[in-house]
Amino acid sequence: MTDTEIEITADLVRDLLREQHPDLAGLAVREVAGGWGNQMWRLGDELAVRMQRMDPTPELQLKERRWLPVLAPRLPLPVPTPVRFGEPSARFPKHWTVMTWVPGEPLDLGAISRGAHAADTLAGFLRALHGQAPADAPVARDRGAHPRDCTDGFENFLRAVAPEDDLAADVRAVWDDAVAAPAWEGPAVWVHGDLHPANVVVSDGTLSGIVDFGDMFAGDPAWDLAAAWVLLPAGAAARFFDTYARADDAAIRRARGLAAMKCLFLMLMGQNGDRGLPGGKPHWGPVGRAALDRVLQGV
């Protein structure tokens with residue numbers, strides 16, 4: 001059995017806790033549905049164990065360990081904060097981290113009914129997050145670039161999803177406008193980098209937490225501003241940008257194109273789920289299609 005095929009069970013999680021953090025081993029362990037690169041397990045009521053699974057290296061977990069304790073105190077929404085580190089061992093040759101649990105329901109399984117409140121909440125969170133990053137902040141690898149440098153990815157997603165001709169033409173027009181937009185000229189700021197409906201939680205009809213910071217980097221905030229369409233209900237993008245109040249026309253154009261690409265990715269993951277492919281998520285298809293409609297509506 002290879003490392004990626006190790007079956008992660010509640011018993012394994014308990015055994016690892018007994019070995020490395022025995023004071024936590026008596027807490028209840030419950031599997032959390034979802035996850036691909038990492039698998040999550042609830043630990044009691046206030047903690048979670050994040051187990052490296054399909055991620056080929058521990059880089060994303062180590063990044064969260066290093067930077068989330070720095071960022072969390074300045075953020076207005078709960079985020080998972082590392083409290084204990086689990087190191088590779090003979091029992092499990094990968095990294096794992098005990099983190100605070102962020103209560104709420106993932107947005108891909110829930111809904112936002114208080115659109116104005118959610119728009120203000122998301123804008124406030126991103127204003128707080130998007131501060132200038134230090135020189136040793138992580139740099140993006142497969143994301144963070146100007147849309148013009150991501151055209152191959154966009155084209156691959158568009159071909160794979162194969163929307164009807166009229167829709168494809170409209171999506172391509174949004175993308176072409178983003179490619180033509182001026183680049184980010186400000187300082188590199190902290191960017192979450194992966195704001196999609198499974199990485200935020202909701203309660204009482206609005207956003208209540210942000211999770212999965214493994215892709216965080218220092219760079220262009222447009223990668224997060226795309227969430228105005230990917231996360232928020234129809235008609236909320238304008239309020240979001242008014243409240244955020246730091247995005248110029250070029251940033252909005254880049255963000256809208258990136259949102260279109262993210263929506264195509266969600267739709268592709270939905271198709272993969274319908275086909276029973278590894279990592280596919282059938283319920284993401286409708287989520288991505290609804291978000292793409294919002295992208296085409298603009299601000």
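All residue numbers in this chain count up from 1 along the given sequence. The structure presented is a predicted model; accordingly, all values stated were derived computationally and were not measured.
Minimum heavy-atom separation, Phe241 to Ala247: CD2-CB, 3.9 Å. Nearest heavy atoms, Ala198 versus Asp108: CA-OD1, 3.6 Å. When all heavy atoms of Glu64 and Arg50 are compared, the closest pair comes out as OE1-NE, 3.0 Å. Closest of all the heavy-atom pairs between Cys150 and Met261 is O-SD, 4.1 Å. The minimum heavy-atom distance between Pro282 and Pro286, with the atom names listed, is O-CD, 3.6 Å. Of all the heavy atoms in Gly44 and Leu27, the pair that sits closest is N-CB, 3.9 Å.
Environment of CD in Glu31: crowded, with over 12 heavy atoms of neighbouring residues, nucleotides or ligands closer than 6.0 Å. The environment of Asp136 atom CG is dense: over 12 non-hydrogen atoms of other residues, nucleotides or ligands sit within 6.0 angstrom.
Salt-bridge annotation for Arg14 and Asp11: present, with a side-chain N of the basic residue lying under 4.0 Å from a carboxylate O of the acidic one. A salt bridge between Glu155 and Arg172 is present, with a side-chain N of the basic residue lying under 4.0 Å from a carboxylate O of the acidic one. Residues Asp120 and Arg127 are not paired through a salt bridge, judged by the lack of any N-O separation under 4.0 Å between the basic side chain and the carboxylate. A salt bridge is defined here as a Lys NZ or Arg NE, NH1 or NH2 lying under 4.0 Å from an Asp or Glu carboxylate O, and Asp177 with Arg256 fails to meet this definition. We find that Arg114 and Asp204 are not joined by a salt bridge, their nearest charged nitrogen and carboxylate oxygen being 4.0 Å or further apart.
Leu126 CG to Thr243 OG1: the interatomic distance, rounded to the nearest 0.5 Å, is 11.5 Å. Between atom CZ of residue Arg18 and atom CG of residue Asp23 there is a gap of 13.0 Å, rounded to the nearest 0.5 Å. Considering CD of Glu185 and CG of Asp248, their distance stands at 9.0 Å, rounded to 0.5 Å. Rounding to the nearest 0.5 Å gives a distance of 10.0 Å between CZ of Phe157 and NZ of Lys262.
Although no hydrogens or angles enter the test, the distance criterion places no donor-acceptor pair under 3.5 Å between the side chain of Lys281 and the main chain of Gly273. Asp220 places no side-chain N or O within 3.5 Å of a backbone atom of Gly144 that could act as its donor or acceptor partner. Looking at Gln132, its side chain never comes within 3.5 Å of a backbone N or O of Pro187 through a donor-acceptor pair. Put simply, the side chain of Arg254 gets close to the backbone of Pro182: a donor and an acceptor are under 3.5 Å apart. Although no hydrogens or angles enter the test, the distance criterion places no donor-acceptor pair under 3.5 Å between the side chain of Gln52 and the main chain of Trp96. Counting only distance, with no hydrogens or angles, the side chain of Gln20 and the backbone of Glu87 share a donor-acceptor pair below 3.5 Å. Remark: side-chain polar atoms of Ser203 are not paired, donor with acceptor, to backbone N or O of Gly104 under 3.5 angstrom.
The ring-ring contact (aromatic ring centres under 6.0 Å, His included) search around Trp284 returns His196, not counting sequence neighbours. By the ring-ring contact (aromatic ring centres under 6.0 Å, His included) test, His146 pairs with no residue at all, sequence neighbours left out. Residues meeting the ring-ring contact (aromatic ring centres under 6.0 Å, His included) test with Trp41, sequence neighbours left out: none. Remark: His117 engages no residue in a ring-ring contact (aromatic ring centres under 6.0 Å, His included) (not counting sequence neighbours).
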Cut-off 3.5 Å, no hydrogens considered: what does the side-chain donor-acceptor table look like for residues 221-238, sequence neighbours left out?
{"residue": "Trp223", "atom": "NE1", "partner": "Ala145", "partner atom": "O", "Å": "2.9"}
{"residue": "Asp224", "atom": "OD1", "partner": "His192", "partner atom": "N", "Å": "3.4"}
{"residue": "Asp224", "atom": "OD1", "partner": "Gly193", "partner atom": "N", "Å": "2.9"}
{"residue": "Asp224", "atom": "OD2", "partner": "His130", "partner atom": "NE2", "Å": "2.9"}
{"residue": "Asp224", "atom": "OD2", "partner": "His192", "partner atom": "N", "Å": "2.8"}
{"residue": "Trp229", "atom": "NE1", "partner": "Gly298", "partner atom": "O", "Å": "3.2"}

Side-chain donor-acceptor distances from residues 66-82 under 3.5 Å, at least two apart:
{"residue": "Arg74", "atom": "NE", "partner": "Ala128", "partner atom": "O", "Å": "3.2"}
{"residue": "Arg74", "atom": "NH2", "partner": "Leu129", "partner atom": "O", "Å": "2.8"}
{"residue": "Thr81", "atom": "OG1", "partner": "Val79", "partner atom": "O", "Å": "3.4"}

Apply the test side chain to side chain contact (heavy atoms under 4.5 Å, CB included) to residues Leu292 and Leu167: give CA-CA distance (whole Å), side-chain angles for both, the deciding distance (0.1 Å), then the verdict.
-> CA-CA 10 Å; Leu292 188 59; Leu167 177 61; 4.2 Å; yes
Could you give me the CA-CA distance, side-chain angles and deciding distance for Asp194 and Phe213, then say whether side chain to side chain contact (heavy atoms under 4.5 Å, CB included) is met?
-> CA-CA 8 Å; Asp194 198 22; Phe213 282 74; over 6 Å; no
Worked check of side chain to side chain contact (heavy atoms under 4.5 Å, CB included) between Val83 and Thr100 | CA-CA 7 Å; Val83 296; Thr100 56; 4.0 Å; yes
Stepwise, does the side chain to side chain contact (heavy atoms under 4.5 Å, CB included) test hold for Val171 with Leu264?
-> CA-CA 9 Å; Val171 174; Leu264 293 174; 4.2 Å; yes
Would Arg143 and Asp149 count as a salt bridge (Lys or Arg N to Asp or Glu O under 4.0 Å) if you check the C-alpha gap in whole Å, the side-chain angles of each, and the deciding distance to 0.1 Å?
-> CA-CA 10 Å; Arg143 63 194 74 208; Asp149 298 321; over 6 Å; no
Under the salt bridge (Lys or Arg N to Asp or Glu O under 4.0 Å) rule, what do Arg239 and Asp242 come out as? Steps first, then yes or no, please.
-> CA-CA 5 Å; Arg239 179 164 182 141; Asp242 285 345; over 6 Å; no
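Residues Lys94 and Pro58 form no side-chain contact, since every pair of their non-hydrogen atoms from C-beta on lies 4.5 Å or further apart. Side-chain contact between Cys263 and Val287: absent, with no pair of heavy atoms (C-beta onward) separated by less than 4.5 Å. Residues Asp15 and Phe92 form no side-chain contact, since every pair of their non-hydrogen atoms from C-beta on lies 4.5 Å or further apart. Between Val49 and Leu24 the shortest side-chain heavy-atom distance does not fall below 4.5 Å. In this structure, Ile210 and Val102 have side chains that are not in contact, with every pair of non-hydrogen atoms separated by 4.5 Å or more. Residues Asn38 and Thr97 have side chains not in contact (no heavy-atom distance under 4.5 Å, counting atoms from C-beta outward).
Tracing side-chain contacts under 4.5 Å through hydrophobic residues (I, L, V, M, F, W, Y), one reaches Phe154 starting from Val174; they form part of the same cluster. Grouping the Ile, Leu, Val, Met, Phe, Trp and Tyr side chains by contacts below 4.5 angstrom, directly or via other members, places Met99 apart from Leu16. Taking hydrophobic clusters as Ile, Leu, Val, Met, Phe, Trp and Tyr residues chained together by side-chain heavy-atom distances below 4.5 Å, Val202 does not share a cluster with Met40. Hydrophobic clustering of Ile, Leu, Val, Met, Phe, Trp and Tyr side chains at less than 4.5 Å, counting indirect connections, keeps Leu62 apart from Trp190. Hydrophobic clustering (ILVMFWY, side-chain heavy atoms < 4.5 Å, transitive): Leu195 and Ile252 are in one cluster.
Stacking of Arg42 on the aromatic ring of Trp101 is recorded, both the 6.0 Å distance cut-off and the 45° axial limit being met. Judged by the 6.0 Å distance and 45° axis criteria, Arg65 is positioned over the aromatic ring of Phe85.
Exactly one of Val161, Asn272, Leu158 qualifies for a side chain to side chain contact (heavy atoms under 4.5 Å, CB included) with Met267. That residue is Val161.
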